[in-house]
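Quick notes on the structure that follows.
In the text below, chain A, chain B and the rest are named by the order of the sequence lines, each starting its count at 1.
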Amino acid sequence: MATAAAPPQSVQIPDRLYFRIGDVCRLSGLKAHVLRYWEAEFPPLSPKKSGTNQRLYKRKDVELVLEIKHLLYDEKFTLEGAREHLQKRKSLIRSAPKPAPAPVAQGLLFDPRADWLAQAGAVRSELKSILRLLE
DNA sequence: CTTCTGACA
DNA sequence: TGTCAGTA
């Protein structure tokens, strides 16, 4: 499975650093004026500008264009609905890498996260300290 | 030849 | 969203 396909990205984006608006038009099937209009409607879609004010889209920009196109034309979201969807999508990515472990009080005899060997050792040292206190 | 902005339908 | 003008 070397060519494992990522999410439903029906269009393959060439391996170039930047794309001009005409390239993005062919890749997305959208008209240039639509892409420019979307820049005003979707703040996150902000291709860098060259010295001569030419738009320079990066891969991420092209991917975003494709995603917006899907939301608008396939899922029939309104401009506002698509904006909100993108917001939630980003906040989900931010909170994703949070496999926060459950805090366990120190000194607790039984730690559910520990393996049997570790638990046995914990119990043993716990009993040792208790016996010391009884001496 | 392509892209850009602004304006107007 | 589509189109036209005048540029860079």
Base paired to B:dT2 (Watson-Crick or G-U; both N/O distances under 3.5 angstrom): C:dA8
Whole-Å distance between B:dA7 C1' and A:Y37 OH? 16 Å
Rounding to a whole Å, what distance do you find between A:Y18:OH and B:dT3:P? 17 Å
Side-chain atoms of A:N53 come closest, of B:dT3, C:dT1, B:dT5, to B:dT5
Which sits closer to the 5' end of DNA chain C, A:L72 or A:Q54, going by the nucleotide each is nearest to? A:L72
Looking at A:K60, A:R89, A:R83, which one forms a salt bridge (charged side-chain N to carboxylate O under 4.0 Å, His left out) with A:E67? A:R89
In whole Å, I'd like the distance from the NE2 atom of A:H33 to the P atom of C:dT3. 7 Å
Does A:P14 offer a backbone N or O that forms a donor-acceptor pair with the side chain of A:R59 under 3.5 Å? yes
Taking only the side-chain heavy atoms of A:R20 (C-beta and beyond), determine which of B:dC4, C:dT1, B:dT3 contains the nearest atom. B:dT3
Distance, rounded to the nearest Å, where A:I21 contributes CD1 and C:dA8 contributes C1': 15 Å
Tell me: NZ of A:K31 to C1' of B:dT2, nearest whole Å? 16 Å
Which part of the nucleic acid, if any, lies within reach of A:Y73 when heavy atoms closer than 4.0 Å are counted: base, sugar-phosphate only, or nothing? sugar-phosphate
If you find the nucleotide of DNA chain C closest to A:T52 and the one closest to A:W38, which residue's nucleotide is nearer the 5' end? A:W38
Can a donor-acceptor pair be found, under 3.5 Å and without considering hydrogens, that links the side chain of A:K69 to the backbone of A:S28? yes
Between B:dT3, B:dT5, C:dG2, which nucleotide gets closest to the side-chain atoms of A:R55? B:dT5
Result of checking A:K58, A:R16, A:R55 against A:D23 for salt bridge (charged side-chain N to carboxylate O under 4.0 Å, His left out): A:R16
